[in-house]
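Sequence positions, counted from 1, serve as the residue numbers for this chain.
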Amino acid sequence: MTRSPRLPALRARPSRRTTFALSALMLALTGCATVDEGSEVKPPPQVTTVGSRDLQAPPIVAEGPLAPVPGLQPVRPAAPAVAAAVVEDPREAAGAPVDPLAPDSLVMDAASARKDLWGRVRTGFTMPDIDHDLVRVHERWYASRPDYVQRMTERGSRYLYHIVEEVQRRGMPIDLALLPFIESAFNPQAMSTARASGMWQFMPLTGKDYDLKQNMFRDDRRDVLASTRAALDYLGRLGKMFGGDWHLALAAYNWGEGNVKRAIARNERLGLPTDYLSLSMPDETRNYVPKFQAVKNIVLAPQNYGLKLPELQNHPYFLSVPIRRDMDVSVAARLAGMSVDEFKTLNPQMNKPVILAAGTPQILLPYDNAGTFVKRLSAYQGPLASWTAWVVPKTMKTAEAAQQTGMSESDLREINRIPPKMLVKAGSTLLVQRAETRVIDVPEHVADNAHMALAPDVPPLRKVAIAVRKGDTVAALARRYHVGANQIAAWNRIDDGTRFRKAQSLVIWVPVGSKVAPAAEPAESRSLARADRRERDDDRRAAKAAGTRLAAKGGKDRDRAPVRVAEVREPRGGAAKGTKVHAATRVARK
């Protein structure tokens, strides 16, 4: 059972506000790496972008551990010991702990704090119940898994008080505080196969719509405070959209508002009821509200299902501690007297081993641990952050980037998850070791928009035309020119199983400097061309002798042999599917 904070710790702490000015390095905003436009035939995509945003790309400016630091001399490679380490004042690194929902005061009435939080939740239910066989199905499922219910409710005990407070503050049904039980089993690090993430299971685009930042350094869909705020904003909007029908609002939260609106419109056209149980919807959404109702019924009377819920007291489990300086996750956890895993249960949004103050304004800690953190921080000696961000000024190999940052290539690859044989594109942000002389924290625009773009470490490519003989296949061409059959197919918009019925030319991309024979004119085409030229010469001589003028090119000439035009269709998957190719052949004079 998760231990609730001790009641005596609820007494108000003296309000202490420490203000200070941070020196910030404001540099040009870096954008996504892009591939230049070329001809209509392009090589396959060679850029992988991680954590990107659609931003304008200003000139790349070097920053991070390699950027000049005002007032300090850079460390010279020949004499690194000359530079003096910068002493950071730990008292400026964090603010006083506060309740996120009551930042001005932590004074609480002791009697109300001793109340059972489950009792407060039960008496606050206002959503109408539904009675359906599917509810019984989910009740039996939970009742048969007491261990699962125990783990789920123990996890929820960390967050439930905050959610209940936030729901009631907004005047919404307190029932909604139970929604994470069915969304994620109150696991803030849950990730679905559809890429929904966090306690409230936000999809990436929906998260962006509700200002949940997702980049290299953090994913706010997992942030306890930010995701709860966004989820209740979204649910509040859905509640108004469906006229206060919270069952329809929950269906829309699961299935999408557009789908629910279309299902309602369909029933209206058919003269059918438009309540939740009357709509046609996928099985997942059909079970969504019954599952939610089953959880409500278990919270109301767990003994009826042979279950026992952990005791929860009616006061905050965690406090918010403002962070004003970059700090390693391991340092923060150690100062708070917690393991890194325990620290991440309340701060699961961190993607990297460093907390950037510009992008993470606070951390959450249990009350007693928050006090321990502030006390230990004030006496802490040593660097707070051993990691920082560096914006790559130009496209480079990882070996070169490692050399410039003073790291080994293997360490740089591992901490940034860079696959082998990849280039780091200009404007990418890398996590690198922070120099002892570094005093400036990562600026806000980097903390909020950090991304990494990679490209294969291969020579530059050039476009080459190649000859295709009658009877050739794409596979044969791939072997002949040492490229992939799927690449030839993509470059020329054909199927990789195509067999060519006539001689023609295709395009491939090869490394600059490699020797590839240009497309040679097929022998059959050369013979026909020579015969055609001889025939045209004969026509000109005959016309001159007769004193007549040769008809303009493309016109009709009675003295010339008739032209037979044959329509030939490319095989399925040809270079231009369904288009007609005219092959002109001349009929020999009799």
Side-chain angles (χ1 to χ4, degrees), residues 22 24 29-32 49-55 63-64 93-95 100 158-159 162 184 187-192 195-231 233 318 320-333 336 338 340-365 384-391 415-417 428-432 434 441-453:
L22 285 177
L29 190 64
T30 57
C32 302
T49 303
V50 182
S52 65
R53 294 189 63 192
D54 296 330
L55 303 172
E63 59 190 5
R158 302 183 181 102
Y159 320 107
H162 173 80
S184 64
N187 180 3
Q189 300 197 58
M191 173 73 78
S192 76
R195 297 178 60 214
S197 182
M199 190 163 57
W200 296 91
Q201 289 291 280
F202 270 97
M203 295 292 289
L205 290 178
T206 309
K208 290 180 180 179
D209 288 342
Y210 286 87
D211 198 28
L212 296 178
K213 293 188 180 298
Q214 303 152 57
N215 58 41
M216 274 183 55
F217 289 100
R218 75 183 198 270
D219 187 343
D220 283 351
R221 295 179 298 163
R222 300 195 301 264
D223 184 284
V224 174
L225 302 184
S227 66
T228 298
R229 182 267 309 160
D233 285 349
F318 56 77
S320 169
V321 181
I323 293 297
R324 297 169 177 167
R325 297 301 305 271
D326 292 356
M327 187 180 305
D328 286 353
V329 171
S330 59
V331 171
M338 307 169 67
V340 171
D341 288 341
E342 289 173 330
F343 181 85
K344 287 184 175 180
T345 61
L346 291 177
N347 303 277
Q349 71 274 17
M350 314 296 180
N351 287 337
K352 299 295 182 183
V354 64
I355 305 167
L356 302 185
T360 307
Q362 76 276 313
I363 58 174
L364 302 182
L365 298 172
L384 292 172
S386 59
W387 299 99
T388 188
W390 177 48
V391 178
I415 195 65
N416 291 282
R417 299 179 181 177
S428 297
T429 303
L430 295 182
L431 185 69
V432 299
R434 177 169 169 163
D441 290 335
V442 176
E444 183 177 0
H445 72 273
V446 175
D448 283 347
N449 304 298
H451 71 280
M452 183 169 62

Return the minimal non-hydrogen interatomic distance between [X] and [Y], and the atom names on each side.
{"X": "R229", "Y": "Y210", "answer": "NH1-O, 2.8 Å"}
{"X": "V224", "Y": "P348", "answer": "CG2-CD, 4.3 Å"}
{"X": "L346", "Y": "Q349", "answer": "O-OE1, 4.5 Å"}
{"X": "A231", "Y": "W200", "answer": "CB-CD2, 3.3 Å"}
{"X": "A358", "Y": "P443", "answer": "CB-C, 4.0 Å"}

To the nearest 0.5 angstrom, please state how far the [atom1] atom of [X] sits from the [atom2] atom of [Y].
{"X": "L225", "Y": "H162", "atom1": "CG", "atom2": "NE2", "result": "4.5 Å"}
{"X": "I355", "Y": "N347", "atom1": "CD1", "atom2": "CG", "result": "6.5 Å"}
{"X": "D223", "Y": "M350", "atom1": "CG", "atom2": "CE", "result": "7.5 Å"}
{"X": "L431", "Y": "R417", "atom1": "CG", "atom2": "CZ", "result": "11.0 Å"}

Taking [Y]'s backbone N and O only, do any of them form a donor-acceptor pair with [X]'s side chain (distance below 3.5 Å, no angle check)?
{"X": "S197", "Y": "M191", "value": "no"}
{"X": "D326", "Y": "L356", "value": "no"}
{"X": "Q189", "Y": "N187", "value": "no"}
{"X": "D219", "Y": "R221", "value": "yes"}
{"X": "N215", "Y": "A447", "value": "yes"}
{"X": "Q214", "Y": "P204", "value": "yes"}

I'd like to check [X] versus [Y] (side-chain heavy atoms, cut-off strictly below 4.5 Å). Are they in contact?
{"X": "I323", "Y": "R325", "answer": "no"}
{"X": "R195", "Y": "L205", "answer": "no"}
{"X": "L365", "Y": "M338", "answer": "yes"}
{"X": "F343", "Y": "I363", "answer": "yes"}
{"X": "N351", "Y": "R222", "answer": "yes"}

Task: Sole residue of T388, L384, V442 in side-chain contact (heavy atoms from CB on, under 4.5 Å) with R434 - done: T388

Task: Passing candidate, side-chain contact (heavy atoms from CB on, under 4.5 Å) with P353, options V340, I415, D328 - done: I415

Task: Partners passing ring pair (Phe, Tyr, Trp, His ring centres under 6.0 Å) against Y159 (at least two apart in sequence or in another chain) - done: none

TODO: Answer yes or no: are there more than 12 heavy-atom neighbours, outside K344 itself, under 6.0 Å from its atom NZ?
DONE: no

Open item on the list: Any carboxylate oxygen within less than 4.0 angstrom of a Lys/Arg side-chain nitrogen, looking at R218 and D448?
Closed with: yes

